[in-house]
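When reading the values below, keep in mind they use all heavy atoms of this one structure, side chains included, and skip hydrogens, waters and symmetry mates. Keep in mind that this is a model prediction, so the values were computed, not measured.
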Amino acid sequence: MDKTVGIIGLGLLGGSLAKALKAYTDYNVVGYARRCEVCDAALQDGVVSQAWTDVELMIKASDIIVFSLPPDTNASLFREVAHLLEPGQIVTDVSSAKANFVHAVYETIPRGVSFVSVHPMAGSEKGGYEVSHKNLFKGMGWIILEDPTSDVYDAAVADELEAMGRAVGSRIERVGLYEHDEYLAMVSHMPHLMAAMLTNVAGGDELGEFRMRLSAGGFRDCTRVAGGLPSMWREIIYGNRHNVLLGLSKIQEEIEAVKPLLEVDDDGAALEAYLEKCRDIRNELPYLTGQIRK
């Protein structure tokens with residue numbers, strides 16, 4: 001393709017997207033980072049043809065502009081640079097929570113600029129360009145957010161961004177723009193907060209260090225995401241707090257439903273049936289258990 005993709009933020013997601021597009025597509029890729037050393041690293045790796053610490057220069061050089069910073073940071077930056085956008089340019093983002101960024105876009109995007117949001121369901125508890133890699137998106141979900149009632153939504157752009165996701169190895173999902181945050185609260189944002197809560201309960205008192213020495217793979221897997229960057233996850237969770245609160249309420253209801261299973265005198269038969277039901281639900285999710293990687 002003769003189009004240039006400009007990526008704002010070359011951290012884990014932005015850096016991985018740059019590397020994947022360079023490896024698996026014909027897009028020209030350019031980038032913006034706040035630190036010169038990140039720009040230099042991306043240039044040295046050959047994943048971008050140009051990189052700047054001046055976002056205006058990157059925007060002027062790009063056909064497709066990907067906002068790849070944390071959600072609130074994306075929204076704030078978009079308001080600052082919206083006036084630089086020109087008709088025919090395409091804006092997208094890879095934010096995990098969408099409400100704040102979408103609000104900023106819909107308020108300030110210039111006429112003639114298209115916007116379609118995407119969400120690559122990929123990541124790590126680690127961040128930064130140094131841990132980015134070209135195969136981060138392989139087999140992972142690539143969500144296209146649809147809002148056909150919006151004047152700035154373009155079905156052809158959505159198709160192009162879908163093709164981009166397929167090119168980097170992702171499986172495609174499409175959801176309504178305004179349903180996205182509700183869904184993600186249940187499968188990403190609320191579970192992340194719960195991982196942090198579990199870590200605090202088990203390790204946050206005077207016996208925590210000793211308990212941690214006794215822990216093994218189960219505790220490690222349940223709490224892995226709690227090692228993520230707090231400032232980024234604060235933006236994600238707080239930005240979607242209303243849906244996260246609904247998710248926590250459902251967990252509270254589930255706790256109350258499970259407690260009697262531990263109180264009944266049946267040698268744990270009801271508990272085993274509950275655990276078997278939960279195992280079966282999880283085992284029927286091939287994308288979660290690794291049975292499908294398309």
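- Counting all heavy atoms, side chain and backbone alike, Val168 lies closest to Ala20 at CG1-CB, 3.6 Å.
- At distances below 3.5 Å, not a single donor-acceptor pair connects side-chain atoms of Asp45 with backbone N or O atoms of Val47.
- Although no hydrogens or angles enter the test, the distance criterion places a donor-acceptor pair under 3.5 Å between the side chain of Ser16 and the main chain of His133.
- Scanning all heavy atoms of the two residues, the minimum distance from Asp63 to Asp2 falls at OD2-O, 4.1 Å.
- Neither side chain, Asn74 nor Ser76, offers a donor N or O lying under 3.5 Å from an acceptor on the other.
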Side chain to side chain contact (heavy atoms under 4.5 Å, CB included) evaluation trace for Cys39 with Thr53:
CA-CA 7 Å; Cys39 293; Thr53 56; 4.0 Å; yes
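- Each of Val48, Val5, Asn28 was evaluated against Leu21; a single residue qualifies, Val5, per the side-chain contact (heavy atoms from CB on, under 4.5 Å) test.
- Side-chain atoms of Asp205 come within 3.5 Å of backbone N or O of Leu207 as a donor-acceptor pair.
- The closest donor-acceptor contact from the side chain of Ser62 to the backbone of Thr4 lies at 3.5 Å or more, if one exists at all.
- Here CE of Met121 is found 8.0 Å from CZ of Arg171. Values are rounded to the nearest 0.5 Å.
- With rounding to the nearest 0.5 Å, the separation of CD1 in Ile143 from CG in Leu177 is 11.5 Å.
- Closest approach of Ala23 and Lys134 over heavy atoms only: CB-CD, 3.8 Å.
- Under the 4.5 Å side-chain criterion, counting only non-hydrogen atoms from C-beta, Glu162 is not in contact with Trp142.
- Cluster annotation: Phe137 is not connected to Leu184 through the hydrophobic network of ILVMFWY side chains, with a link wherever side-chain heavy atoms come within less than 4.5 Å.
- With salt bridges taken as basic N to acidic carboxylate O contacts below 4.0 Å, one links Glu276 and Arg279.
- Tyr238 and Met232 sit in two unconnected hydrophobic clusters of ILVMFWY residues. Membership requires side-chain heavy atoms under 4.5 Å apart, directly or through other members.
- The heavy-atom pair separating Pro71 from Ser95 by the smallest distance is CA-OG, 4.0 Å.
- Heavy atoms from other residues, nucleotides or ligands lying under 6.0 Å from CG of Asp266 number more than 12.
- Between the CG atom of Leu198 and the CG atom of Leu193 there is a distance of 11.5 Å, given to the nearest 0.5 Å.
- Residues Val258 and Met194 do not share a hydrophobic cluster, defined by chaining ILVMFWY side chains whose heavy atoms lie under 4.5 Å apart.
- Linking Ile, Leu, Val, Met, Phe, Trp and Tyr residues whenever their side-chain heavy atoms come within less than 4.5 Å leaves Val38 and Ile8 in two separate clusters.
- You'll find the side chain of Ser96 reaches within 4.5 Å of the side chain of His189, heavy atoms only.
- Hydrophobic clustering (ILVMFWY, side-chain heavy atoms < 4.5 Å, transitive): Val157 and Tyr27 are in one cluster.
- Heavy-atom contacts from other residues, nucleotides or ligands closer than 6.0 Å to CZ of Arg34 number 12 or fewer.
- From Lys98, atom NZ reaches atom CG of Asp93 across 3.5 Å, with rounding to the nearest 0.5 Å.
- The backbone N or O of Asp72 lies less than 3.5 Å from a partner atom in the side chain of Glu235, making a donor-acceptor pair.
- Both the sub-6.0 Å distance and the 45° axial angle are not jointly satisfied by Arg213 relative to the ring of Phe210.
- In this structure, the side chain of Asn240 engages the main chain of Asp181 through a donor-acceptor pair within 3.5 Å.
- Residues Met190 and Leu248 are in side-chain contact: their nearest non-hydrogen atoms beyond the backbone lie under 4.5 Å apart.
- Of the possible donor and acceptor atoms, none in the side chain of Trp52 sits under 3.5 Å from a partner among the backbone N and O of Val30.
- Summarising the geometry of Gly31 relative to Leu10, their closest heavy-atom pair is CA-CD1, 4.3 Å, with the distance given to 0.1 Å.
- The CD atom of Glu160 sits 6.0 Å away from atom CE of Met164, with the distance rounded to the nearest 0.5 Å.
- Around CD of Glu263, the count of heavy atoms belonging to other residues, nucleotides or ligands within 6.0 Å exceeds 12.
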Worked verdict on Ile90 versus Ile65 for side chain to side chain contact (heavy atoms under 4.5 Å, CB included):
CA-CA 6 Å; Ile90 294 168; Ile65 300 160; over 6 Å; no
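- In this structure the side chain of Phe78 reaches within 4.5 angstrom of the side chain of Ile109, judged on heavy atoms.
- Contact annotation: the side chain of Val81 never approaches that of Leu85 to less than 4.5 Å [non-hydrogen atoms, C-beta and beyond].
- His83 places a side-chain N or O within 3.5 Å of a backbone atom of Glu80 that can act as its donor or acceptor partner.
- Under the 30°/60° scheme for interplanar angles, the aromatic rings of Phe101 and Phe67 are found to be tilted.
- Contact check for Tyr32 versus Glu56: no side-chain heavy atoms found under the 4.5 Å cut-off.
- Using a 4.0 Å cut-off between charged nitrogen and carboxylate oxygen, Lys250 and Glu254 do not count as a salt-bridge pair.
- Atom CG of Leu275 sits about 11.0 Å away from atom CG of Asp280, to the nearest 0.5 Å.
- When atom types are taken as modelled, the side chain of Ser68 and the backbone of Gly14 share a donor-acceptor pair closer than 3.5 angstrom.
- Using a cutoff of 4.0 Å between basic side-chain nitrogens and carboxylate oxygens, Asp159 and Arg166 are not scored as salt-bridged.
- Put simply, the side chain of Gln89 gets close to the backbone of Ile59: a donor and an acceptor are under 3.5 Å apart.
- Remark: Glu130 CD is packed, more than 12 non-hydrogen atoms of other residues, nucleotides or ligands lying under 6.0 Å away.
- Residues Tyr106 and Asp147 are in side-chain contact: their nearest non-hydrogen atoms beyond the backbone lie under 4.5 Å apart.
- Residue Ile7 comes nearest to Val29 through the heavy atom pair CD1-CG1, 4.0 Å, listed as atom of the first residue, atom of the second, then distance.
- The number of heavy-atom neighbours closer than 6.0 Å to CD of Gln44, taken from other residues, nucleotides and ligands shown, is 12 or below.
- Under a cut-off of 6.0 angstrom, the local environment of OH in Tyr183 is sparse, with at most 12 non-hydrogen atoms contributed by other residues, nucleotides or ligands.
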